[in-house]
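Encoded as structure tokens, the structure appears first; notes follow it.
Just so it is clear: chains get the letters A, B, ... in the order the sequence lines come, proteins before strands, and each one is counted from 1. From a predicted model like this one, the values you see are computed outputs, not experimental measurements.
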Amino acid sequence: MSRIEPGKRAMTEQSYDFTALETKWRDFWDKHGVNKTPHPAPGDKTFYVLDMFPYPSGAGLHVGHPVGYLATDIVARYKKMAGYTVLHPMGWDSFGLPAERYAERTGVHPAVSTEKNIETYKRQMRLLGLGYDWSREIATSKPDYYKWTQFIFTRLYNAFYDAEAGRARPIDALDIPDDVKAAGKLAVQEYQDERRLVYYETAPVNWCPELGTILANEEVFDGKSEQGYEVVRVPLRQVKMRITAYAERLIADLDGLDWPEGIKESQRNWIGKSEGVTLSFPVAGTDHRIETFTTRVDTLGGVTFLALAPEHPLAAEFADADHRAEVEAYIEAAARKSDLDRTVDAEKTGVFTGAEAENPVTGKRVKIFVADYVLPDYGTGAVMGVPAHDVRDFAFATKYRLDIVPVIDPGADHPDRAAVLAGEQCWTEDGVMLAPPGDSSLYQAGVRWRDAREAVADHLEAKGLGHRVTSYNLRDWIFARQRYWGEPIPIVHWEDGTRTTLPEDQLPLTLPHIDSYKPTGHAESPLARAEDWLEVTDPQTGMKGRRETSTMPQWAGSCWYYLRFKDPRNDNALVDPEIENAWGSVDLYVGGAEHATLHLLYARFWHKVLFDLGFVSTKEPFQKLVNQGLLTSHAFKNERGITLPVDEVEERAEGEFIHTPTGETVEKIGAKMSKSLHNVVTPDDVVARFGADAFRVHMMFMGPVEAMREWETDRTASALKFLRRVWRFVTGVLDSPAGEDAKTVRLARTKLVLAITEDLDNLRLNTGVAELMKFLNAAEGEAISKETLEVFIRVLAPFAPFMAEELWERAGGQPSVFYADWPEADAAELEAAIDTVEVVIQEGGKRRGAVELAPDADDETLRAAALALLDGQGKPVTGVPLERVIVVRDKKTGRVKLVNVPKLG
RNA sequence: GCGGGCGUGGCGGAAUUGGUAGACGCACCGGACUUAAAAUCCGUUGGGAGGCGACUCCCGUGCCGGUUCAAGUCCGGCCGCCCGCACCA
């Protein structure tokens, strides 16, 4: 007999000590490899559920991160019990700027700080009971992983898009015209480079000389860096990926995906497909022609000027002596502007070049301008100005007093008609054509503009003056970064001007050690300092070469990581084709919506290339996508709208908050968790107070996974309260189980299993928790069989895995509970057990009462019962046509639900 | 400007293809147990009116209208909020 020491609380069989219990089962799972997933065997039902893997930051996880991780964990555990072979891995998107900045300041190698951060993340994930198969862990910054990132890069580099076949093919399959061959190997290289999926191009970037680095558009404000240093747009030679070749397929294949409509729409928008016509305007007095792109070729008659982007190759070409200096100054000034300064709100500006172009249809001469509202990389970088029917052209024409010539009539009864026809107002809506200027055979006055558009396009194509094209907003992907902590780009530039990728057997090309992570001060990454690494000599020919110093962008590793998880230790292939095929696409992918047009687009692009090159068996990587909602914390706001940290505010009275330093009354608001607001909550804190199971249950019960919500740690107490009830309930029944269930319990159990299974299949985890609570409400204090108890423990298990394991073991089950089968329930059995149901009687849709009847009562009985009830309430029921009395039965079960009588009297 | 989403009690949120609005929980209030507190348990709670009473009636899902035997759900028009993308010719 054990003796309880004075002052110590008795640790009875009945107490729920979550800390000890959760420690026990964490160790058990690790020791017995419970979460390990084998390669699928033939005939296995497979399920691949994936989280967007995190960048392991120094701060560790806060409570917002696991929203998605918990949802996928619950689904993975459920699917496993339901008989699927489940892949549910985790890894690290571990290349990135924060680790490099940290290294700049401290000299600590990014690999070292990253490794430490990963340990923290793993410890926290283990704490929460996330059942990842850690034997499949990968990190994008490790050579055995980025070897294959580099491998894929070289395959993309050595491929071209065969527009006729509609797919990528190896560059060797590209036919080289004889004249190109004859011109030598550099000519051949140039010919291939124009078609490769990876290519070099000189493109304008935001270059900050003071910081010695390129900045993203988002990092440039009013032409200055965040620190106030000047930023210029300079053309730099960049590695790019030809994602635009896949624009059409990236749009088309969205249709088959089970993704949130908003994300699909974002991608469609980003790719920005539009159908139009390119046509060329001859420049008067020269041999040049200016190509323009328009979606509204019907307005060709209204062209009163042409405008070229400052970056247009011909922008400075036509300026005559009087205008040259002004044009060059304008182009120079435009180059200094950031994209931000050239946005919508900015005033339209431009300069006249002194040259004129001729309208190919009307023969009319129009002035040629250079204007920075014209984007260099959309369409042809030149627009035909139609001020009467385009708001931007209208603003420009008004400013420079150019003609405004309407060609579309708003319609006889439109109030703005006179102003539009007088050229005083811009008209962009529907209308019919005015008589065509010049060639009157083009179209008739009065035809709809859409018809005129086709007629003019036909005419231009027939005359060879233009052709229909599809244009996209999507730009090719600038793939080079001047940073250290990324995958080295495995390209060597040889002294004879040729360029090759590293042979695949020499991969990985690992990062060299360098002495300083600081920027180089010119447009090269710190890798340029590693001279031993940089300079190479071909052992066969003795030719010298220099490695590419740029590294890949952070998105590279995440473009294919979901494939590597299938076969993470394979040294001979990025993934074994059979294993790749056995798992197929990711069945459920959960992560934040911020990746809509970044990671999710890039990964789809790489996947399609890999599909074309025969590495994967599916067209798309992620079949179903769910965006988890943002979890916010709170902060306070004073009357001037300033956000204040939580630890500077006290609650004086109920709902009354005082800012301690100033004494002012402040308002409680929802706010993102951030260091500066001191409102970051870590899962460690919550688990220590309430346990991991309570954290899981509470987080899932808060609301739908997709919804945004506000975190309040104290509220976790209600989940703990529920779990304590579960504990008392189950241990109580185990002490004295009934031989048979009470009838209500038997029904409640069947309902529970049916409902929770459906909820899990549809990722409705909040109502799933509610089902567990409902069952408990129904079953407490009733006679419960051991069998029913075991059913309950099993459906509890995905949500509260630690407690479920413990209870399962105490109930005599063989651990782990996750080896047990998911319980089944028979809906028909449930129906058969129901003797009577409450039938609601309505009059005109309003509830008037209810009667107890057999679930399969016939219409006649039901109608009579309804009328009898209403008659009893003194309603005039005589003469009600029976066919207008509606009987409603449950569509699934056939059980009668309600009877509606039309409004009486 | 364009696109996507959302408006339900004091709060988080439930409500199959239209069929009992407010499941489940939080908070509040009342009660039980306790010397007391904590914990636990029981009960009440959308608003209003009536009845001693188990109850009855009216109103109610952002606003206005429509379709229907029946509307939170469908249709049309507004209002408000959130999130993307934005000189894309």
**OP:** With the side chain of A:Lys774 defined as its heavy atoms from C-beta on, choose the nearest nucleotide among B:A23, B:A15, B:U16.
**Re:** B:A23
**OP:** Rounded off to whole Å, could you give me the CD-to-C1' distance for the A:Gln267 and B:A86 pair?
**Re:** 17 Å
Original post:
Taking syn as any angle within 90 degrees of 0 and anti as the rest, which one fits B:G66?
Top reply: anti
Subject >> Euclidean distance, atom CG of residue A:Asp390 to atom C1' of B:G1 [Å, nearest integer] >> reply: 13 Å
Original post:
For the residue pair A:Trp711 and A:His698, does the interplanar ring angle fall in the parallel (under 30°), tilted (30 to 60°) or perpendicular (over 60°) class?
Top reply: perpendicular
Original post:
Among all residues two or more places apart in sequence or in another chain, which pass the salt bridge (Lys or Arg N to Asp or Glu O under 4.0 Å) test with A:Glu454?
Top reply: A:Arg468
**OP:** Could you tell me whether A:Arg453 and A:Asp298 have a side-chain N and a carboxylate O separated by less than 4.0 Å?
**Re:** no
Subject >> Partners meeting salt bridge (Lys or Arg N to Asp or Glu O under 4.0 Å) with A:Lys774 (sequence neighbours left out) >> reply: A:Glu771
**OP:** Can you tell me which stems RNA chain B forms, taking runs of 3 or more consecutive Watson-Crick or G-U pairs with both distances under 3.5 Å?
**Re:** B:1-7 with B:79-85, B:10-12 with B:24-26, B:29-32 with B:40-43, B:46-50 with B:55-59, B:62-66 with B:74-78
Subject >> Set of residues satisfying salt bridge (Lys or Arg N to Asp or Glu O under 4.0 Å) with respect to A:Asp403, sequence neighbours excluded >> reply: none
Original post:
If the P atom of B:U68 is compared with that of B:G9, how far apart are they to the nearest Å?
Top reply: 30 Å
Original post:
Using atom P of each nucleotide, how far apart are B:U35 and B:C55 to the nearest Å?
Top reply: 37 Å
Considering only nitrogen or oxygen atoms on both sides, find all protein atoms under 3.5 Å from nucleotides 9-14 of chain B and state each distance.
unit_1: B:G12; atom_1: O2'; unit_2: A:Met702; atom_2: O; d: 2.6
unit_1: B:G13; atom_1: O3'; unit_2: A:Asn766; atom_2: ND2; d: 3.4
unit_1: B:A14; atom_1: OP1; unit_2: A:Asn766; atom_2: ND2; d: 3.0

**OP:** Ignoring hydrogens and angles, tell me if any N or O in the side chain of A:Arg475 forms a donor-acceptor pair with the backbone of A:Asp377 under 3.5 Å.
**Re:** yes
Original post:
Touch check for A:Ser274, heavy atoms < 4.0 angstrom, all strands: base, sugar-phosphate only, or nothing?
Top reply: sugar-phosphate
Subject >> Sugar-phosphate, base or nothing in reach of A:Asp377, heavy atoms under 4.0 Å >> reply: nothing
Subject >> Partners passing side chain to side chain donor-acceptor pair (under 3.5 Å) against A:Thr597 (at least two apart in sequence or in another chain) >> reply: none
**OP:** Grab the CG-C1' distance between A:Asn473 and B:G84 for me, whole Å please.
**Re:** 15 Å
**OP:** Return yes if some donor-acceptor pair links the side-chain N/O of A:Tyr330 with the main-chain N/O of A:Thr349 below 3.5 Å, else return no.
**Re:** yes
Original post:
A:Arg848 near the nucleic acid: base, sugar-phosphate alone, or nothing, with a heavy-atom cut-off under 4.0 Å?
Top reply: sugar-phosphate
Subject >> A:Glu261: partners by salt bridge (Lys or Arg N to Asp or Glu O under 4.0 Å), with sequence neighbours left out >> reply: A:Arg268
Original post:
So what does A:Glu594 touch, heavy atoms closer than 4.0 Å: a base, only the sugar-phosphate, or nothing?
Top reply: nothing
Subject >> Those residues that, when tested against A:Arg689, pass side chain to side chain donor-acceptor pair (under 3.5 Å) (two or more places apart) >> reply: A:Asp714
Original post:
Has A:Asn627 got a side-chain N or O lying under 4.0 Å from the OP1 or OP2 atom of B:G5?
Top reply: no
Original post:
When you measure from the side chain of A:Asn359 to the backbone N and O of A:Leu300, does any donor-acceptor pair fall under 3.5 Å?
Top reply: yes
Subject >> Set of residues satisfying ring-ring contact (aromatic ring centres under 6.0 Å, His included) with respect to A:Phe305, sequence neighbours excluded >> reply: A:Phe396
Check the interface with nucleotides 40-42 of chain B: list each N/O to N/O pair with the protein under 3.5 Å, or write none.
unit_1: B:U40; atom_1: O3'; unit_2: A:Arg728; atom_2: NH2; d: 3.3

Original post:
How far, in whole Å, is B:G10 from B:U61 if one measures between their P atoms?
Top reply: 13 Å
Subject >> Touch class at under 4.0 angstrom, heavy-atom based, for A:Val769 against every strand present >> reply: nothing
Original post:
Given the C1' atoms of B:U8 and B:G60, what is the spacing between them in whole Å?
Top reply: 10 Å
**OP:** Tell me, please, which residues at least two apart from A:Ser633 pass side chain to side chain donor-acceptor pair (under 3.5 Å).
**Re:** none
Check nucleotides 63-71 of chain B against the protein and report each pair of N or O atoms closer than 3.5 Å, with its distance, or say if there are none.
unit_1: B:C69; atom_1: O2'; unit_2: A:Asn900; atom_2: ND2; d: 3.0
unit_1: B:C69; atom_1: O2; unit_2: A:Asn900; atom_2: ND2; d: 2.5

**OP:** Compare the minimum distances between each of B:C87, B:G19, B:G3 and the side chain of A:Tyr373, then state the nucleotide with the smallest one.
**Re:** B:C87
Subject >> Check against ring pair (Phe, Tyr, Trp, His ring centres under 6.0 Å), A:Phe792 and A:Phe775 >> reply: CA-CA 9 Å; A:Phe792 178 68; A:Phe775 174 80; 5.2 Å; yes
